[in-house]
Amino acid sequence: MTHEKVLPIIMAGGSGERLWPLSRAHYPKQFLSLTGNEHTMLQQTLLRLQGIEHQPPLIICNEAHRFIAAEQVRQLNIPHSGILLEPEGKNTAPAIALAAFTTMQKGSDPLLLVLAADHAIKDVCAFQTAVKSALKHAAHDKLVTFGIVADKPETGYGYIKQGKAVDDGFVIEQFIEKPNKLLAEQLISSGEYCWNSGMFLFRASRYLNALQVHRPDIYHACEKAMYIHNHDLDFIRVDQPAFLACPSDSIDYAVMEKADNAVVIPMDAGWSDLGSFEALWQEADKDCSNNALLGDVIANNTSGSLIHSEGALVTTIGIKDLVVVATKDAVLVADKQYASNVKDIVERLKQQARKEVTEHREVYRPWGKYDLIDVGERFQVKRITVTPGAKLSKQMHHHRAEHWVVVSGTAKVVIDDVTQYLTENESVYIPITAVHSLENPGKVALELIEVQSGGYLGEDDIIRFEDKYNR
């Protein structure tokens, strides 16, 4: 067995629309804690690498999510190899190509362990065992994918047909798209198929060679995108016009289905991609009535339901097999068997340009977060949390004045070059057009209430003069 350290590639893109209103475009499911675990899905993915010899992981995410990803990695105090930013989602084949080019430009050709940031895996030991079994195949230039041992006719997953046995795996004979119920039952009863997990292991150069043969258009677009790239803090930015010209395709279509050296390693690790509320209900701990209850919930004469509250008390009486999800600004009630149709609701919200489709009431920023508590004519109220050592940009507003009241912590406030420090129960007023900044110089989180007043209160009424996050 090879003792070569793998380089994990964590793909943290995707929008998770089938889990709305929990998952939103600006804060999708991979950054949420969905299973009752204290860690988010991204953090769980990073933590399950412990026990596998590996280099600091490389994370791929959308430009819009860069600060969320960076903060969640920082919370774990885990070293990483950078955060590679996609200007736009182009599916998995281009994303993995960018990662492979990034590593090879550094003069190395590592084994890449490609993982999705939104998978749930209950048996971490079984996951690690499967990865270690795959190492010898990848070290001998095989393109390895991991097939989930299928125990039921699931229509939400793709399938892989296992061919000739090779060591701990099988030659891949065929890929099957998501089947209907009848075909899924036939595939399961044959015993020759596993679910397609979307996890891979191969050498960087081997993947790029295969991509160049089977999809040279994607290969050359990604090569061009990486030709001019720059580092900004922990972020790796690629050439935007070049990448936007890249075709969109999955690694399965672009490479794996066409390759003649692909191997599948079976994995029986309690895996789920948490792609729907049905899957979330299946994975969650349940009470004696088969309910998955998360948050402040009281269920009476209720069975087989998923009830999730992010804040307000939710109570149910006499319901069965429903999904009830309450966030701070939206409520979803659905029959469990139709809950995957929530994407239809998302489309209607997009057509109406509703902000609930893109962001939560609580919005994360590189310096912390804010919660939009109340909105009225010519005013809005926010609860702002600034992490220790963080600083908002030096800025000015043309249309609004602001009043800050410190709830806890210490605030360093600069208004028109005059510096003052505020602590609990102290406040300050910032007039329209005053140049100001806010910083947390302390060791604990700074919390304050901001009252904005004026004729226009949009987030785009910000003129930045200095910003430590290069926005």
Side-chain angles (χ1 to χ4, degrees), residues 14-25 28-37 40-41 44-45 116-123 147-159 176-188 193-199 267-295 297 299 302-310 314 316 318-327 330-349 357:
S15 58
E17 290 183 346
R18 285 184 295 170
L19 291 182
W20 183 90
L22 295 177
S23 179
R24 314 273 177 105
K29 66 172 182 173
Q30 59 268 29
F31 303 115
L32 302 174
S33 175
L34 294 172
T35 57
N37 191 297
T40 68
M41 304 307 297
Q44 291 177 49
T45 304
D118 57 358
H119 289 177
I121 293 179
K122 290 182 178 179
D123 190 341
I148 304 302
V149 176
D151 57 0
K152 61 188 175 193
E154 175 64 59
T155 60
Y157 301 142
Y159 286 70
I176 305 280
E177 275 298 293
K178 296 176 182 177
N180 58 35
K181 188 75 170 177
L182 179 61
L183 179 56
E185 290 171 351
Q186 293 172 353
L187 299 179
I188 292 296
Y193 294 82
C194 53
W195 293 331
N196 188 355
S197 71
M199 297 184 284
M267 181 186 291
D268 190 2
W271 172 92
S272 172
D273 70 349
L274 297 183
S276 66
F277 284 112
E278 171 75 21
L280 198 57
W281 172 79
Q282 290 175 352
E283 291 302 306
D285 294 331
K286 302 178 188 67
D287 64 12
C288 58
S289 298
N290 222 19
N291 298 307
L293 309 178
L294 295 95
V297 176
T302 295
S303 64
S305 296
L306 169 67
I307 308 170
H308 187 131
S309 173
E310 288 193 341
V314 173
T316 62
I319 68 170
K320 180 181 180 181
D321 297 335
L322 292 189
V323 171
V324 180
V325 177
T327 66
V331 177
L332 169 72
V333 180
D335 188 306
K336 201 166 61 184
Q337 66 174 323
Y338 296 111
S340 60
N341 294 347
V342 72
K343 291 187 77 170
D344 298 337
I345 297 292
V346 170
E347 285 305 313
R348 290 179 64 177
L349 294 174
V357 78

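All heavy atoms count here, side chains included; hydrogens, waters and symmetry mates do not. This structure is a prediction, so every number in the text was calculated from the model and none was measured.
Between K29 atom NZ and D118 atom CG the span is 4.0 Å, to the nearest 0.5 Å. Note that the CD atom of E154 and the OG atom of S272 stand 8.5 Å from one another [nearest 0.5 Å]. We find the OG1-CG distance between T155 and L182 to be 12.0 Å, quoted to the nearest 0.5 Å. Annotation: the span from S303 atom OG to K320 atom NZ amounts to 5.5 Å, rounded to 0.5 Å. Here CD of E177 is found 11.5 Å from CG of L183. Values are rounded to the nearest 0.5 Å. Atoms OG1 and CG, from T40 and L34 in turn, are 9.0 Å apart once rounded to the nearest 0.5 Å.
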Could you go through L306 and V324, starting from their C-alpha distance and side-chain angles, then the distance that decides it, and tell me whether this counts as side-chain contact (heavy atoms from CB on, under 4.5 Å)? CA-CA 6 Å; L306 169 67; V324 180; over 6 Å; no
Starting from the C-alpha separation in whole Å, work towards a yes-or-no answer on side-chain contact (heavy atoms from CB on, under 4.5 Å) for I148 and Y157. CA-CA 10 Å; I148 304 302; Y157 301 142; over 6 Å; no
Assess the residue pair T327 and R24 against the criterion (side-chain hydrogen bond (donor to acceptor under 3.5 Å, both in side chains)); give the C-alpha distance rounded to whole Å, side-chain angles, the decisive distance to 0.1 Å, and a yes or no. CA-CA 11 Å; T327 66; R24 314 273 177 105; 3.1 Å; yes
Carefully, step by step, assess V333 and V323 under the rule side-chain contact (heavy atoms from CB on, under 4.5 Å). CA-CA 6 Å; V333 180; V323 171; over 6 Å; no
Show your reasoning for whether side-chain contact (heavy atoms from CB on, under 4.5 Å) applies to D268 and D123. CA-CA 8 Å; D268 190 2; D123 190 341; over 6 Å; no
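Closest approach of W20 and V357 over heavy atoms only: NE1-CA, 4.1 Å. Between L322 and D335 the shortest heavy-atom distance is CD2-CA, 3.7 Å. When all heavy atoms are compared, the tightest approach of V342 to L19 is CG1-N, 4.4 Å. Minimum heavy-atom separation, C194 to G147: SG-CA, 3.5 Å. Considering all non-hydrogen atoms of both residues, P28 and A25 come closest at CD-O, 3.7 Å. When all heavy atoms of I307 and A299 are compared, the pair lying nearest together is CD1-CB, 4.3 Å.
When only modelled atom types and interatomic distance are considered, T302 and T316 share a side-chain donor-acceptor pair under 3.5 Å. Side-chain contact annotation: R18 with S23, donor-acceptor N/O pair under 3.5 Å absent.
A donor-acceptor contact shorter than 3.5 Å is absent between the side chain of Y159 and the backbone of I188. When atom types are taken as modelled, the side chain of S197 and the backbone of M199 share a donor-acceptor pair closer than 3.5 angstrom. Side-chain N or O atoms of K336 include none that pairs as donor or acceptor with a backbone N or O of F277 at under 3.5 Å. Distance alone, capped at 3.5 Å, is enough to place a donor-acceptor pair between the K286 side chain and the A284 backbone. Not one N or O on the side chain of S305 forms a donor-acceptor pair closer than 3.5 Å with the backbone of N291. With hydrogens and angles ignored, the 3.5 Å screen pairs a side-chain donor or acceptor of Q30 with a backbone N or O of G14. Formation of a donor-acceptor pair under 3.5 Å by the N341 side chain with backbone atoms of D344 is not found in this model.
Contact of the H308 side chain with the L22 side chain is registered, since non-hydrogen atoms from C-beta on lie closer than 4.5 Å.
Between W195 and W271, the ring-plane angle classifies as tilted under the 30° and 60° cut-offs.
In this structure, D151 places its CG atom where more than 12 heavy-atom neighbours from other residues, nucleotides or ligands lie under 6.0 Å away.
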